[in-house]
Amino acid sequence: ADKLTLILDWFVNPDHGPIVIAQEKGYFADQGLDVEVVAPADPADPPKMVAAGRADLGITYQPQLHLQVAEGLPLKRVGTLVATPLNCLLVREDGPIRSIADLKGKKVGYSVAGVEEAMIGALLKRAGLTIDDVEMVNVNFSLSPALMAGQVDAVIGAYRNFELNQMNIEGVPGRCFYVEEEGLPTYDELIYAANAETMDKEKIARFLAATEKATQFIVNHPEESWTIFAGTSPELDDELNARAWKDTIARFAPSPAGLDAGRYARFEAFLNEAGLVEGIRPVNDLAIDVGAQ
Amino acid sequence: MKRLLWAAAATVLVLGLWQALVSLAGLPPFILPGPGRVATALWKNRVLIADNAGVTILEVLLGLVLGTLVGAATAIGLAASASARALMRPILVFSQAIPVFALAPILTLWLGYGIGSKVVMAVLIIFFPVASSFLDGLLTTPQGYLDLARCMGARPGATLWRIRVPAALPSLASGLRLAAVYAPIGAVIGEWVGASRGLGYLMLLANGRAKIDLMFASLIVLAAFTIILHALIDFLATRLQSDAN
Amino acid sequence: MKRLLWAAAATVLVLGLWQALVSLAGLPPFILPGPGRVATALWKNRVLIADNAGVTILEVLLGLVLGTLVGAATAIGLAASASARALMRPILVFSQAIPVFALAPILTLWLGYGIGSKVVMAVLIIFFPVASSFLDGLLTTPQGYLDLARCMGARPGATLWRIRVPAALPSLASGLRLAAVYAPIGAVIGEWVGASRGLGYLMLLANGRAKIDLMFASLIVLAAFTIILHALIDFLATRLQSDAN
Amino acid sequence: MTAPAVRVAGRGEVDGAPLFGPLDIVLPGGQWTCLLGPSGVGKSTVLRLIADLPTGVSFLGTISAEDGMPLKGRVGYMAQSDLLLPWLDVTGNVELGARLRHERPDAARAAALVERVGLGPRARRRPRTLSGGERQRAALARTLMEDRPIVLLDEPFSALDAGNRAAMQETAAELLAGRTVLLVTHDPAEAARLGHHILVMTASGVIPAEPPALPPIRPFDDPGTLACQARLLTLLRRAA
Amino acid sequence: MTAPAVRVAGRGEVDGAPLFGPLDIVLPGGQWTCLLGPSGVGKSTVLRLIADLPTGVSFLGTISAEDGMPLKGRVGYMAQSDLLLPWLDVTGNVELGARLRHERPDAARAAALVERVGLGPRARRRPRTLSGGERQRAALARTLMEDRPIVLLDEPFSALDAGNRAAMQETAAELLAGRTVLLVTHDPAEAARLGHHILVMTASGVIPAEPPALPPIRPFDDPGTLACQARLLTLLRRAA
Ligand SMILES: Nc1ncnc2c1ncn2[C@@H]1O[C@H](COP(=O)(O)OP(=O)(O)OP(=O)(O)O)[C@@H](O)[C@H]1O
Ligand SMILES: Nc1ncnc2c1ncn2[C@@H]1O[C@H](COP(=O)(O)OP(=O)(O)OP(=O)(O)O)[C@@H](O)[C@H]1O
Ligand SMILES: [Mg+2]
Ligand SMILES: [Mg+2]
């Protein structure tokens, strides 16, 4: 079998469902692949390792991909794992924030990833505010604790399938403002990136085919797939993950290899306007469909 | 003068090694940019870096002063009582064994995301070397001095303040030398845990934006500051030591 | 025996303070769970924690051995040459001033995500206290011993190995005491930077999964290990010191 | 100030094993008693017991002033190492006792004593800038400043060179005249020169030795002093 | 082994200021020369210059053996502090020189010398478990093991009590007989007892003093020795 190394964006969690299921159900083996899955602690690492040739594939985020390519990392998106944003602006259900406009003069927590100021700026703009109307606070490790403890009034960068459930379980229910509904161009939350110069398209195509099959299995058999996922490791089997699993199923890209070029063009333009990337790169430099000739 | 020359030589050596590492190991710039790139980033972002460095420097200096005060006070308290010592020694070691990041949410809950939590983080990190070196010094007062004080009918407080403390200043000085190296690390960890300004924050941001050259530029500024701080403290510590000898 | 009693008293005190903090300050469990909750989490996850603790302990012990060897070797190298010293001292301080997280991508690039990069991280952290204390010791060999060696027509290497090194062992011991406290932190930071096993990994994972009680359970295990390690090294270091006196 | 006689009677044990005694020593009031003996026999221990300083030895017996008053607060102490605090100047060291007792030091008396031991021009110097003889003179001034009727000297001159030692012996004899002094020394010549009474301490007990006929302080080339010195050396060689 | 005479001629400066000399000292071959003088006058410096050890003093002049051969490798050295390595036992310390030269130590000779200084039963003990006199005897055995024709002694007995000191003087005199020995000391009695030649060093120069009539080692109660001691003390008081 051909060896393929994949670096996740973070620790294994329900977002990685198709990969875990493909591994467990033997779909990778069916494609003649021996996939090694590595979990890093810093989400900024996987693209660097892929760009440096240390891994065949890395999971990253579409917004970050634009920044990385603009900074000269030899990377291209070759597949999609989660095809909608997961990011949301999270507030307390019982809090005073009923609409984005209520954020005026409030504290917004975030975990540094590079693009949150641009995102919050876009959301505020539609509500008639600017970034200067809120106080941005980096809370790094503790998005939901900071919100639950009342240190901040809202957090950006929380995941709708994860932090929302977590707050419910802790008894401090939250509410999500979905970023794509509030003025942000929609994007792929989790994507597979490969080295632009050295990638083996044929091998990657086989990998994506296996995850596509796994995605279909998950959609068709939500309960059974959860049992398989939870069985891989005891620390995965808890209530939070069970809820997150349910909420994530609809968001897995049903066609991981498929590329929506417009999405990438629009987001590139958005970032350029926000001043985060200089110039505009053609979609072809950012993302490809490995099946296309 | 001579020290400056050697320091310059050391700088050149480090830069040379760095360039060699980049060129020979073929490290790509997004893993480790060469000195040239970093210098360019440093110059281009000088205002941004200076702003953030100012914040960090303030945190470090406050942390150093407070940490020294708290550490010295603890040492003096422990020197006064053998039972307190027996009880607190394991707790001191324990306090070092807890990675500060675990305490960060608690600290930020109480102190907020301002300068307070970073200063406390720096204090937590330097407290241990200062307290334990100073305590070592306080516990090894030459017996002759203590005999003398006893014959003279000294009050206990007077023996502590006029004899044991001054005699332990050289030990305090060696604790301070360590503290000078660790205090900036404490402040930067504090910034990683939650801050919107400072060199540590700037590093995180640059890393998130894939601007590795800016990250290393901030890093170099932090390292330079640490070295200067160490040299200053070393100078003070040496005076403290020669004063008590 | 008495030390054990005091340590037990210290443990009770820490647990009491902890519970008081939780109850009186009204800290919610997702910020700081009480000792009871943590004990439950510890028991429920005992297999998981033991597995991961094993990995971390291995990293720490390897790091400690290698860091001591590298640190001691550096100190001996620097002791042999005054120019090397003048050149390397600022570089040593510099090496401490660089937050290890910046080096993490380079280390993982070279060493991968296995145990190697964590051991190197622990080595990087304990290298400095070991090297600098040992060097201090090597540079303060009593002049009389050196006079003696010179009169006896000693080869330079023999003076170093048979006189300066043994005379500096007590200083090495005090460096080791510090290293024992910092080595576990080094390994944990190494794990934060990229690992799939170990207590540091488990803490991050637990934190990310909002299992704060599991995080604190891992933390307690790490702290307990650090304290035991410190006690062991202290025992060895005391023997080293009494041997050279 | 009347200087009382001091009596030490009893025995010393280290970890249950006998170290010295039983012995019964009297230091006659207002006079110098010199105590000689092999190293480790317990001379410093006896001296520290009188001064109520910690020793590793358990003493079974009594230590008392013959006037029936407690010894506490009436004993001065001076050791081989000068024990000057390096961070204080000469005057600061001389005034140390008062400061340690939270009293206001008598600056005029301190200045006079510093002058008296010949350190007037050095009053503001730190100990490390003084010679060994000067340091020991500063320590003597500090001891005099305390003005105690009983003064215990533990080899105070042994770190000095022969010339300085002879000079210091004379200064000390003069300034401490009329006090009850116990001088522990290794130097038979010193004992022969300074002692109204001379005691040789051995593992089996304390033997009084005949002092020279002249009263102290005796010239070092006096034949009686030299003869006494030779006698003491013979005693000591036998004890070693 | 023939022990050559050694000559030191020149002057010493510290930071450009004269410290001693010009002086011209000859240590006659195969005999003991004792050097006395006030503290800080430069006695140890002269001794260290002969041994080619670092000093803070710049010496302008010549130091040579009268047989015209280089001094290097022919000089042994023993100091006030015994300089025994605490991590080696007595035998280890005695064999240290050979090991430092990467030679195989002559174990039989070492054992014989340890026996000779009376430490046979203590051969395997660490220095910290020995008394001061025993430690100094171990240091003497180590010096003898080196077997150098010229031996420099810097106050080797000054830390010992009077009884032990007298005993060590005799042991050393006996074992070092026939070598060229320079003994720096503060004790006029020691110089009067041991020196074939006695020199008093002062800031203005080196004055030879008349040794007693008897050959060394002299009894300490010999009137000639005692008279010489008193003479030396007078000289020293004048120099101090
Ligand atoms: N803290 C202690 N623990 C055990 N033994 C002790 C302690 N202090 C002193 N001793 C022992 O008591 C004995 C007497 O010691 P002391 O200092 O009185 O002797 P000394 O006659 O003054 O000797 P020296 O002339 O060398 O000063 C020594 O054998 C010493 O080892
Ligand atoms: N490294 C140095 N730098 C400057 N001055 C020095 C140095 N070493 C020695 N001296 C000075 O040289 C002088 C002679 O010192 P030396 O040790 O030879 O005296 P000494 O006669 O042996 O005295 P003692 O009897 O106290 O041993 C002293 O005044 C001392 O201060
Ligand atoms: Mg004594
Ligand atoms: Mg000398």
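Residue numbering restarts at 1 for every chain, and letters A, B, ... go by the order of the sequence lines.
Only the side chain of C:Ala25 comes within contact range of chain B, judged by heavy atoms closer than 4.5 Å. Neither the backbone nor the side chain of B:Ile212 comes within contact range of chain C; no heavy atoms are under 4.5 Å apart. Contact of B:Phe225 with chain C is not made at all, since no heavy-atom distance falls under 4.5 Å. For C:Leu13, the part lying near chain B is the side chain, with the backbone staying farther off; criterion is any non-hydrogen pair under 4.5 Å. Of the two parts of C:Ser132, neither the backbone nor the side chain holds a non-hydrogen atom closer than 4.5 Å to a non-hydrogen atom of chain B. The parts of B:Ser83 that come within reach of chain C are both its backbone and its side chain, each placing non-hydrogen atoms under 4.5 angstrom from that chain.
A 4.5 Å side-chain heavy-atom check between B:Leu222 and B:Pro184 finds at least one atom pair inside the cut-off. Between B:Phe216 and B:Leu42, every side-chain heavy-atom pair lies at or beyond the 4.5 Å cut-off.
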I would like to know whether B:Phe127 and B:Tyr182 meet ring-ring contact (aromatic ring centres under 6.0 Å, His included); could you show each step before the answer? CA-CA 10 Å; B:Phe127 164 80; B:Tyr182 291 129; over 10 Å; no

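Per-residue counts of heavy-atom pairs under 4.5 Å with chain C were compared for B:Ala10, B:Ala180, B:Pro129; the largest is that of B:Ala10. Heavy-atom pairs under 4.5 Å with chain C were tallied for B:Ala223, B:Gly200, B:Ala86, B:Ala231; the largest tally goes to B:Ala86.
Summarising the geometry, atom CZ belonging to C:Arg197 is positioned 9.5 Å from atom OG1 belonging to C:Thr56; distances are rounded to the nearest 0.5 Å. A distance of 7.5 Å separates CD1 in B:Ile185 from CD1 in C:Ile125, rounded to the nearest 0.5 Å.
Considering B:Val60, B:Asp234, B:Val181 as possible partners of B:Leu229, the one that fulfils the side-chain contact (heavy atoms from CB on, under 4.5 Å) test is B:Val60.
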